[in-house]
Amino acid sequence: MPIAVAGAAVVAVRVAQGALSSALYAVTGVYESGLYFSDYAAFRQEARTRLPRPGLVPAPSGFERVELRNLTFGYPSGEGPALEDVNLTLHRGRTVALVGENGSGKSTLAKLLSGLYTPQEGSVCWDGTDLSGVDGVSLREQIAVIAQDHTHWPLTARGNTVMSSARCAERFARAAAASRADSVVAGFRNGWETLLDKRFAHGVEPSGGQWQRLAAARSFYRGDDGNAVPLLIADEPTAAMDARAEHGFFESVHAHARRTGAAVVLITHRLASVRMADHIVVLERGRVVAQGTHAQLMEEDGLYRELWELQASAYRTPAVPEPRTP
Ligand SMILES: Nc1ncnc2c1ncn2[C@@H]1O[C@H](COP(=O)(O)OP(=O)(O)OP(=O)(O)O)[C@@H](O)[C@H]1O
Ligand SMILES: [Mg+2]
């Protein structure tokens with residue numbers, strides 16, 4: 001073979017190899033983009049199913065009673081229902097505590113009460129108005145939630161407390177004192193104007209318990225025209241708080257219910273604090289297995305008494321003996 005032809009052949013093979021690998025690279029890119037596009041199409045489809053139905057009426061302004069009737073709810077990816085046939089009544093000015101082991105459905109119930117999920121069966125009614133027929137935005141404007149996984153907004157301490165509520169200096173001062181967020185903020189150089197995000201200049205990162213106090217302040221503050229919202233839901237609001245802050249929070253939440261007339265739903269594993277609630281509901285595997293006051297539930301030989309005695313025994317254990325010196 002003449003040397004020039006051999007050289008041309010080598011160059012041609014190299015060029016063909018390069019073109020082939022570019023083509024393969026492009027095909028992989030198209031396939032990957034196709035996957036993102038199918039996700040996008042699925043999200044759009046899902047969003048369409050969640051659009052508010054036409055003809056919804058605004059939520060009633062407040063209530064005397066919230067009634068949950070035969071409520072059943074299951075997650076799309078869940079194996080069975082997370083809540084089954086739950087019946088419960090909340091009253092204004094009273095505190096209801098939800099108690100149960102991990103996975104018993106407490107947070108799911110909180111999300112149904114706050115209008116974030118719609119039950120598959122049964123209803124949530126405010127004074128007889130079924131919430132499945134009311135507009136979600138106007139409903140959520142009347143509910144304050146301290147979520148178990150509350151959001152750390154990259155805003156100032158004041159912004160994190162006020163959020164979208166109308167400004168009211170008196171309610172702000174009361175919320176800051178009730179949640180003890182004021183003593184957290186007192187430690188920041190710029191006070192309430194401190195940015196709670198380390199990524200910004202002069203930003204700070206509060207500790208877990210400090211964030212919880214700010215989340216509590218946000219829920220106490222939530223409301224309009226000088227009034228607090230009629231329903232406050234607190235899902236493990238004190239899990240990261242120290243003993244003093246926790247005690248203060250539970251006292252504040254009961255005082256808040258009495259003063260504002262709000263119904264409070266409290267979810268916590270600290271049974272010593274549950275004792276102060278007006279009504280206690282015990283959940284087990286998505287079902288209400290008992291309800292009543294602390295005294296009534298302690299008389300029954302059920303899950304509540306078992307959990308209570310388990311926690312109380314930790315405080316009754318005799319002192320650990322001093323280690324012996326060799
Ligand atoms: N987003 C989700 N998708 C699918 N299943 C879920 C989801 N959230 C909760 N579940 C399931 O629903 C059941 C109830 O969960 P839920 O979070 O309500 O329990 P919980 O009582 O709040 O527990 P904990 O005390 O640990 O906070 C569990 O079996 C859980 O696995
Ligand atoms: Mg939970």
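Predicted model only: the values in this text are computed from it and were never measured. Start at 1 and go down the list; that is how both ligands and their atoms are numbered.
Look at K111 and you'll find every heavy atom at least 4.0 Å from all atoms of ligand 1. Note on ligand 1: S77 sits in its first shell, one or more heavy atoms being nearer than 4.0 Å.
Salt-bridge annotation for D242 and R180: absent, with no side-chain N of the basic residue lying under 4.0 Å from a carboxylate O of the acidic one. In summary, R92 and E64 do not engage in a salt bridge, as defined by a charged side-chain N under 4.0 Å from a carboxylate O. Salt bridge annotation for E246-R270: present, with a cationic side-chain nitrogen under 4.0 angstrom from a carboxylate oxygen. Salt-bridge formation is detected for the pair R199/D197: a Lys NZ or Arg NE/NH1/NH2 atom is positioned less than 4.0 Å from an Asp or Glu carboxylate oxygen.
Distance from atom 22 (O) of ligand 1 to its nearest protein heavy atom, with residue and atom name: S107 OG, 2.8 Å. For atom 10 (N) of ligand 1, the nearest protein heavy atom (residue, atom name, distance) is Y75 CE1, 3.3 Å. The nearest protein atom to atom 25 (O) of ligand 1, hydrogens excluded, is given as K106 NZ, 2.7 Å; this is a heavy-atom distance. Scanning all protein heavy atoms for the shortest distance to atom 26 (O) of ligand 1 gives N102 ND2, 3.0 Å. Taking atom 23 (O) of ligand 1 as the reference point, the nearest protein heavy-atom neighbour is G103 N, 2.8 Å. Among protein heavy atoms, the minimum distance from atom 27 (O) of ligand 1 is reached at Q148 NE2, 2.9 Å. If you check which protein heavy atom lies closest to atom 18 (O) of ligand 1, you get T108 OG1, 2.5 Å.
The presence of a protein heavy atom under 4.0 Å from atom 14 (C) of ligand 1 is confirmed.
For the Mg ion (ligand 2), the N/O/S atoms of S107 include one lying under 2.8 Å. Put simply, N102 stays out of reach of the Mg ion (ligand 2), with no N, O or S atom under 2.8 Å from it.
In the displayed structure, H247 atom NE2 is contacted under 6.0 Å by at most 12 heavy atoms of other residues, nucleotides or ligands. Within 6.0 Å of the CD atom in E121, the count of heavy atoms belonging to other residues, nucleotides or ligands does not exceed 12. Taking a 6.0 Å sphere around NE2 of H202, one finds it holds 12 or fewer heavy atoms contributed by other residues, nucleotides or ligands.
Checking only distances, Y117 never comes within under 3.5 Å of ligand 1, N or O to N or O. Between G100 and ligand 1, a contact under 3.5 Å exists for no N or O pair. For ligand 1, none of its N or O atoms has an N or O atom of A82 under 3.5 Å away.
Heavy-atom contacts of G105 reach the following atoms of ligand 1: 14 (C), 18 (O), 19 (O), 20 (P), 21 (O) (cutoff under 4.0 Å). Below 4.0 Å from some heavy atom of E236 lie the following atoms of ligand 1, by number and element: 25 (O), 27 (O). Near H269, with a cut-off below 4.0 Å to any heavy atom, the atoms of ligand 1 are 25 (O).
Figure legend: R174 and Y221 shown without cation-pi pairing, the cationic atom not lying both under 6.0 angstrom from the six-membered ring centre and within 45 degrees of its axis.
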With side-chain hydrogen bond (donor to acceptor under 3.5 Å, both in side chains) as the test, would you mind laying out the steps for S104 and E284 before giving the verdict?
CA-CA 5 Å; S104 53; E284 192 175 13; over 6 Å; no

Might you work through the salt bridge (charged side-chain N to carboxylate O under 4.0 Å, His left out) test for E205 and K198, ending with a clear yes or no?
CA-CA 6 Å; E205 183 59 47; K198 270 296 229 195; over 6 Å; no

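Within the 3.5 Å criterion, the main-chain N or O of I143 finds a donor-acceptor partner in the side chain of R222.
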